[in-house]
Amino acid sequence: MIVEDDRELRALAVALLEETDLRVVEASSAEEALRYLNYLAGDVVFLFADVRLPCPMNGVELARTVKLRWPWIRTVLTSGAPLEEDLDKALRDVPFMPKPWRALEVLVQAEKAVQTSPFEEAARRSHIHALGALRA
């Protein structure tokens, strides 16, 4: 999921991730992202969000909410300004990418999210179990 209020940057990030055959959802605000996540969070493994978003909730608050409600979603924050040092403990392990971000860095973070997803792990275990049954 890409959460970015700048339409051009959002489109660039979406296009980048879609090139890897990932299904990408986009939102222009934290509130829009939360509306989606409230119903379909199980489909999301990666959240790439701008810190400065319109509306009352910013990207840091979005990341905090996602971390508490959907801990399996790997979240990465980005901004053109430095990230504040006084973030709470819940967000200390959330990676931060300054803008302009590099495509490869975003792809690496998305790949990590897919590889460490509990759903990916369950699918892998199921596949291994099926292979073991075939060999028996």
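Worth knowing before you read on, the calculation uses all heavy atoms, side chains too, and leaves out hydrogens, waters and symmetry mates.
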Quick one: CD1 on Ile2 to CG on Leu47, what's the gap to the nearest 0.5 Å?
8.0 Å

Trp72 side chain to Val44 main-chain N or O, any donor-acceptor pair under 3.5 Å?
yes

Can you check whether Glu61's main-chain N or O pairs, donor with acceptor, with Asn58's side chain at less than 3.5 Å?
yes

Checking Leu37 against Ile73 for the side chain to side chain contact (heavy atoms under 4.5 Å, CB included) test, could you report, in this order, the C-alpha distance in whole Å, the side-chain angles of both residues, the deciding distance, and whether it holds?
CA-CA 10 Å; Leu37 291 169; Ile73 298 176; 3.9 Å; yes

Verdict with reasoning, Met97 to Val76, per side chain to side chain contact (heavy atoms under 4.5 Å, CB included)
CA-CA 7 Å; Met97 276 186 222; Val76 175; 3.8 Å; yes

Main chain of Phe46, side chain of Arg74: is a donor-acceptor contact present, judged purely on distance under 3.5 Å?
no

Distance in Å, Leu17 CG paired with Met1 CE, rounded so as to fall on 0.5 Å steps:
12.5 Å

Derivation and outcome, salt bridge (charged side-chain N to carboxylate O under 4.0 Å, His left out), residues Lys67 and Asp93
CA-CA 10 Å; Lys67 186 98 169 134; Asp93 61 341; 3.1 Å; yes

I'd like to check Trp101 versus Leu12 (side-chain heavy atoms, cut-off strictly below 4.5 Å). Are they in contact?
yes

Would a 4.5 Å heavy-atom cut-off, applied to side chains only, mark Val14 and Phe48 as touching?
no

Check the pair Arg10 / Asp5 against salt bridge (charged side-chain N to carboxylate O under 4.0 Å, His left out), numbers first and verdict last.
CA-CA 7 Å; Arg10 187 173 65 242; Asp5 61 320; over 6 Å; no

Can you tell me how far CG of Asn38 sits from CZ of Arg35, rounded to the nearest 0.5 angstrom?
9.5 Å

Output, in order, the C-alpha distance, side-chain angles, deciding distance and verdict of salt bridge (charged side-chain N to carboxylate O under 4.0 Å, His left out) for Arg7 and Glu26.
CA-CA 10 Å; Arg7 186 177 306 178; Glu26 57 185 288; over 6 Å; no

Report the C-alpha separation of Ser79 and Asp50 in whole Å, then their side-chain angles, then the decisive distance to 0.1 Å, and conclude whether the side chain to side chain contact (heavy atoms under 4.5 Å, CB included) test is met.
CA-CA 6 Å; Ser79 180; Asp50 190 3; 4.1 Å; yes

Minimum heavy-atom separation for Pro95 to Thr75, with atom names?
CD-O, 3.2 Å

Starting at CG of Leu16, measure out to CG of Leu107 and round the result to the nearest 0.5 Å.
4.0 Å

Under 3.5 Å side-chain donor-acceptor pair for Glu111 and Gln115
yes

How long is the straight-line distance from CG of Leu77 back to CZ of Arg64, given to the nearest 0.5 Å?
10.0 Å

If you measure from CD on Glu4 to OG1 on Thr78, what distance do you get to the nearest 0.5 Å?
7.5 Å

